[in-house]
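Predicted model, so just to flag it, every value in this text is computed and none were measured.
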Amino acid sequence: MRNQRPLALLSLMAVLAVAAAACGSQTTSGGRADRLARPPDHLVVVMEENHSFEQIIGSPAAPFLNRLAAHGTLLTQYYAITHPSLPNYVALLSGRTPIENNCHACAFAGPTLVDQLEARHISWAAYFQGLPRPCSTVAGSGAYTEAVDPFMHAVDIRHHPSRCDRVLPFRRFHPDLAAGRLPTVVFVMPDLHHEMHSGPVQVADAWLQRLVEQLQASPVWRSDTRLVVTFDESTRHDVRICCAGLGRGGRIPTIIAGPRIPQGRDPTPYTHYSLLRSIEAAFGLPFLGHAGDPATTTIPALADPSPNAA
């Protein structure tokens with residue numbers, strides 16, 4: 001019996017070690033999730049359009065974007081997935097590109113980030129400038145186009161009333177922010193005149209500045225709000241391809257900002273799948289599609305910008 005006690009103690013210690021390791025990581029159907037960090041209070045993604053890294057970073061036409069980059073984390077090797085626009089939006093939402101062109105009234109099935117958020121009871125909304133009304137299925141209205149709206153192409157959102165009602169006109173954003181009811185995960189898509197597709201860079205830059213300044217003036221900013229500004233694709237068909245062939249849409253500017261976001265540059269190669277993965281990692285969600293690929297890297301500044309912060 002005396003000889004068996006040390007063995008029993010060692011066995012118990014081994015079991016406890018395995019249990020502790022299991023608590024420190026999470027294995028999912030989409031791959032192994034990164035170490036769970038404290039989730040952000042709010043995560044806001046703003047999508048611009050059709051400009052390369054070189055067209056924006058260092059450009060006098062985009063003074064606010066460059067100031068934002070200087071005070072946050074600038075991702076210097078971030079690549080879009082493909083061309084044209086809509087497949088990039090769909091990739092960010094689903095981890096796949098089941099839609100390959102800017103089609104109207106087309107739809108795709110399968111899980112999306114919305115499924116994951118709702119399964120964990122995490123609030124979300126998408127605000128589209130120019131969208132006539134919540135859940136509108138119009139192909140276009142003024143400077144709004146469905147080509148920047150992946151939510152209305154997803155079957156499980158488009159035909160699900162309670163989800164579809166979270167696809168909102170942008171005019172709802174400011175009242176929601178002022179009333180303290182901004183959801184946890186937010187997507188903002190300006191219209192074609194204000195996201196550099198059909199209007200001047202200076203106009204889009206000024207529009208973004210007004211948006212960010214309103215966020216910064218709100219109490220939500222002073223907690224832990226993480227802001228991402230990225231682009232759908234580059235206008236340049238770069239010969240460089242990122243991340244085991246996943247990033248074929250050209251190098252684009254991407255900036256992470258917020259009160260807890262470190263200042264500097266991150267030269268790690270990323271794609272829109274990395275952005276999806278990082279949102280999932282920030283909230284401890286499984287990785288969808290290519291977000292779980294070995295070539296897809298988590299963005300530390302977004303997923304866990306300051307793990308030692310109080």
Would you check, one step at a time, whether the test side-chain contact (heavy atoms from CB on, under 4.5 Å) holds for Tyr127 with Leu182?
CA-CA 11 Å; Tyr127 297 87; Leu182 194 71; 4.0 Å; yes
Going through the checks in order, is the side-chain contact (heavy atoms from CB on, under 4.5 Å) test met by Val220 and Asp41?
CA-CA 8 Å; Val220 305; Asp41 297 312; over 6 Å; no
Could you walk me through whether Val90 and Thr97 pass the side-chain contact (heavy atoms from CB on, under 4.5 Å) check?
CA-CA 6 Å; Val90 172; Thr97 53; 5.9 Å; no
Could you walk me through whether Phe128 and Met152 pass the side-chain contact (heavy atoms from CB on, under 4.5 Å) check?
CA-CA 11 Å; Phe128 288 86; Met152 295 309 298; over 6 Å; no
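Only one option out of Tyr79, Tyr89, Tyr78 pairs with His272 in a ring pair (Phe, Tyr, Trp, His ring centres under 6.0 Å); it is Tyr78. Applying side-chain hydrogen bond (donor to acceptor under 3.5 Å, both in side chains) to Thr235 and the options Glu49, His83, His51, Gln55 leaves one that passes, Gln55.
For His290 against Leu246, the heavy-atom pair with the smallest separation is ND1-CD2, 3.8 Å. What you find for Pro262 and Thr73 is that their closest heavy atoms are O-OG1, 2.6 Å. Considering all non-hydrogen atoms of both residues, Thr184 and Ser123 come closest at N-OG, 2.9 Å. The heavy-atom pair separating Arg172 from Pro134 by the smallest distance is NH1-CG, 3.8 Å. Heavy-atom minimum distance, Asn50 versus Phe231: N-CD2, 4.3 Å. Taking each heavy atom of Ser234 and Arg251 in turn, the nearest pair found is CB-O, 3.7 Å.
Residues Val46 and Leu74 share a single hydrophobic cluster, defined by chaining ILVMFWY side chains whose heavy atoms lie under 4.5 Å apart. Under the 4.5 Å side-chain heavy-atom criterion for Ile, Leu, Val, Met, Phe, Trp and Tyr, Phe170 and Val185 are members of the same hydrophobic cluster. No chain of hydrophobic side-chain contacts below 4.5 Å, direct or via other Ile, Leu, Val, Met, Phe, Trp or Tyr residues, connects Tyr273 to Leu113. Hydrophobic cluster membership differs between Leu192 and Leu208, with clusters built from Ile, Leu, Val, Met, Phe, Trp and Tyr side chains linked at under 4.5 angstrom. Phe53 and Ile81 end up in different hydrophobic clusters when Ile, Leu, Val, Met, Phe, Trp and Tyr side chains are linked at under 4.5 Å.
Between Met47 atom CE and Glu233 atom CD the span is 9.5 Å, to the nearest 0.5 Å. The structure places CZ of Arg277 at 11.0 Å from OH of Tyr270, a figure rounded to the nearest 0.5 Å. Atom OG of Ser141 sits about 12.0 Å away from atom CD of Glu146, to the nearest 0.5 Å. Residue Thr296 holds its OG1 atom at 9.0 Å from CG of Leu276, rounded to the nearest 0.5 Å. Annotation: the span from Asp176 atom CG to Arg171 atom CZ amounts to 12.0 Å, rounded to 0.5 Å. For the atom pair CD1 of Ile299 and CG of Asp304, the computed distance is 13.0 Å after rounding to the nearest 0.5 Å.
When only modelled atom types and interatomic distance are considered, Ser278 and Thr298 share no side-chain donor-acceptor pair under 3.5 Å. There is a side-chain donor-acceptor pair under 3.5 Å between Ser85 and Asp232.
For Asp224 (side chain) and Pro259 (main-chain N/O), no donor-acceptor pair under 3.5 Å exists by modelled atom type. A donor-acceptor distance shorter than 3.5 angstrom exists from the side chain of Asn66 to the backbone of Ile56, with no hydrogens or angles considered. Within the 3.5 Å criterion, the main-chain N or O of His193 finds a donor-acceptor partner in the side chain of Asp191. Under the 3.5 Å distance criterion, the side-chain polar atoms of Arg226 are matched with a main-chain donor or acceptor of Ala303. Between the side chain of Glu280 and the main chain of Leu288, a donor-acceptor pair closer than 3.5 Å is present. At distances below 3.5 Å, not a single donor-acceptor pair connects side-chain atoms of Asp149 with backbone N or O atoms of Thr145. In terms of modelled atom types and a separation under 3.5 Å, the side chain of His160 and the main chain of Asp156 share no donor-acceptor contact.
At least one side-chain heavy atom of Pro300 sits less than 4.5 Å from a side-chain heavy atom of Asp266. Side-chain contact between Ile252 and Thr230 is present, with at least one heavy-atom pair separated by less than 4.5 Å.
A ring-centre distance under 6.0 Å is not found for Trp124 and Phe283.
For Arg181, the CZ atom sits in a packed shell: over 12 heavy atoms of surrounding residues, nucleotides or ligands are nearer than 6.0 Å.
Between Asp115 and Arg163, at least one side-chain nitrogen of the basic residue sits less than 4.0 Å from a carboxylate oxygen of the acidic one, meeting the salt-bridge criterion.
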